[in-house]
Amino acid sequence: MAATVEIDEANGAGETLTHGITNSNWGSSDTVNLTAADYPITPGNNSYEKWQKIHVTAMGGATKINNLKVWRVTALGGSAVHLTNARTASYGGAPTYATPTASDSAVATQTMPTSEPASANLGIAGSLTGSLTGTGSSDYLVHQIQTDAGDTAGASTTMHYQYDEIA
Amino acid sequence: MQVIPQVLLRPCIINMTKLLEATNWYFVRDGIPENVQIERWIWKVIYTDGTELQQFDNEGIFHQIGEVQHHKAALFILFKPENPEIKIELIVPQGATLTHFYRNIVLNALTPWEKKHRIYVFGYEVNGHSHYNFILPDDRLIQSTSKELQLSMQVTN
């Protein structure tokens with residue numbers, strides 16, 4: 001098989017890690033795989049941060065996994081913004097886990113790209129040129145939606161990601 | 001907007017008829033065999049002395065690109081295992097280092113519309129010059145001197 005990859009998410013003060021999450025919905029709760037309708041974000045408030053990792057669970061003959069890129073598509077409602085720690089320059093290294101917050105994130109401070117970045121924007125072992133040579137995970141991808149009081153309810157956006165697999 | 005220097009080609013069809021003899025392949029990592037699934041496009045390298053190494057060989061062994069003896073490579077071939085006549089040949093310049101990897105693009109991740117695409121990338125680097133080929137999911141071929149092409153717009157949601 002090819003390398004096997006899943007997305008994991010950490011929640012709570014104890015960094016409870018859920019493997020192979022089934023959705024990445026933001027909401028007004030620090031909850032994994034949440035139903036958006038159960039945790040609506042009041043316009044003007046933030047979502048809770050998402051702390052997620054790209055996790056390689058099997059190499060499938062590959063030597064190396066690297067060049068991680070994440071971005072999103074489709075417009076957010078009103079003037080809402082989607083912020084992240086992912087970036088192609090001045091990368092801040094691997095963020096140390098902190099309990100997800102609905103206050104303005106201190107880690108997710110740059111706008112999530114809305115098209116494929118020109119180069120890696122999520123690191124491995126703290127570096128954008130890092131790689132996995134066995135099973136393991138990327139740095140945390142931290143991201144948050146910050147809304148404005150005039151924003152429209154019901155907006156959605158979807159995430160894309162990419163990685164290279166050397167075999 | 002990125003300008004992609006590209007040449008769109010279709011793989012040429014020339015004589016290469018031998019089908020793979022194995023049906024399962026494995027790679028031994030740290031003494032433990034890993035099953036490796038056959039790919040849509042696989043490589044073979046022909047050396048200057050006429051010998052060859054095939055990624056998925058006829059004994060069921062999976063070979064990594066790191067096993068290739070670059071200094072004696074003459075021809076690098078990507079072909080479709082179910083129809084080896086469909087192939088793309090790359091004449092390897094003397095002194096070149098071969099490159100081969102998969103670029104995996106996951107669109108609409110974690111939604112009911114999630115779609116995974118695998119792009120086959122191969123080429124070489126020599127004397128500061130690089131040449132890369134990208135085989136897209138629909139078998140179009142893009143050629144470039146950069147491996148950092150933004151290809152997500154070339155695949156469909």
Side-chain angles (χ1 to χ4, degrees), chain A residues 1-9 18 20-26 32-34 36 50 52 54 56-74 88 113-121 131 133-135 141 156-167, chain B residues 1-2 4 24-30 32-43 55-56 61-68 98-122 132 134 146-155 157:
Chain A
M1 67 173 86
T4 307
V5 170
E6 64 180 17
I7 307 294
D8 301 341
E9 180 175 318
T18 302
I21 62 173
T22 55
N23 77 50
S24 184
N25 293 339
W26 292 275
V32 68
N33 296 328
L34 64 77
K50 288 292 186 189
Q52 298 169 335
I54 295 174
V56 178
T57 60
M59 291 297 278
T63 313
K64 188 188 287 188
I65 306 288
N66 63 8
N67 198 23
L68 304 183
K69 296 182 180 181
V70 296
W71 69 101
R72 72 169 181 88
V73 292
T74 69
T88 57
T114 53
S115 61
E116 183 188 332
S119 58
N121 67 345
S131 60
T133 56
T135 56
L141 168 67
S156 64
T157 187
T158 56
M159 294 293 298
H160 296 344
Y161 67 93
Q162 176 181 304
Y163 58 94
D164 288 350
E165 178 183 341
I166 300 163
Chain B
M1 175 70 72
Q2 183 195 32
I4 299 178
N24 292 293
W25 290 268
Y26 67 93
F27 174 75
V28 178
R29 189 191 305 271
D30 300 328
I32 301 170
E34 285 176 9
N35 179 258
V36 184
Q37 192 175 353
I38 191 76
E39 294 286 344
R40 207 164 55 80
W41 287 85
I42 67 175
W43 59 256
Q55 184 181 25
F56 292 82
I61 307 295
F62 171 79
H63 297 279
Q64 296 181 326
I65 190 69
E67 297 176 47
V68 170
L98 289 164
T99 299
H100 175 269
F101 62 90
Y102 311 113
R103 177 152 294 164
N104 299 279
I105 302 175
V106 182
L107 301 178
N108 301 314
L110 303 170
T111 73
W113 308 278
E114 180 175 287
K115 201 154 191 180
K116 297 179 179 177
H117 297 282
R118 196 157 168 89
I119 294 169
Y120 296 81
V121 187
F122 66 103
Y132 298 100
F134 302 80
S146 170
K147 62 180 173 185
E148 293 300 339
L149 287 190
Q150 292 154 281
L151 295 168
S152 59
M153 296 300 288
Q154 299 286 340
V155 298
N157 280 340

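Every chain is numbered from 1, with letters handed out A, B, ... down the list of sequences. Computed from a predicted model, the values in this text were never measured in an experiment.
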Among the listed options [options], the residue most often paired with chain B at heavy-atom distances under 4.5 Å:
options	result
A:Ser115, A:Ser119, A:Ala62	A:Ala62
A:Lys69, A:Lys64, A:Met159, A:Glu116	A:Glu116
A:Thr63, A:Thr157, A:Thr74	A:Thr63

Practice task
Name the member of B:Val121, B:Ile119, B:Ile105, B:Thr111 that forms the most heavy-atom pairs with chain A at distances under 4.5 Å.
Solution key: B:Ile105
Fill in the blank from the handout: Sorted by chain and residue number, the salt bridge (charged side-chain N to carboxylate O under 4.0 Å, His left out) partners of B:Arg103 (sequence neighbours excluded) come out as A:Asp164
Practice task
Would you confirm whether A:Asn121, through its side chain, and A:Val70, through its main-chain N or O, come within 3.5 Å as a donor-acceptor pair?
Solution key: yes
Handout entry: Exam field: side chain A:Asn33 to backbone A:Ile21, donor-acceptor pair closer than 3.5 Å
Key = no
Exercise for the section: Counting only heavy atoms closer than 4.5 Å, note whether B:Phe27 contacts chain A via side chain, backbone, both or neither. Expected result: side chain
Practice task
Measure A:Asn67 against the heavy atoms of chain B and call it side chain, backbone, both or neither at under 4.5 Å.
Solution key: side chain
Completion exercise
Applying a strict 4.5 Å limit to non-hydrogen atoms, the region of A:Ile166 in contact with chain B is both
Completion exercise
Interatomic distance, NE2@B:His63 vs CH2@B:Trp43, rounded to 0.5 Å, equals 7.0 Å
Problem - For B:Glu34, all residues meeting side chain to side chain donor-acceptor pair (under 3.5 Å), sequence neighbours excluded - result: B:Arg29
Practice task
Establish, from distance only, whether the side-chain atoms of A:Gln52 and A:Ser24 form a donor-acceptor pair under 3.5 Å.
Solution key: yes
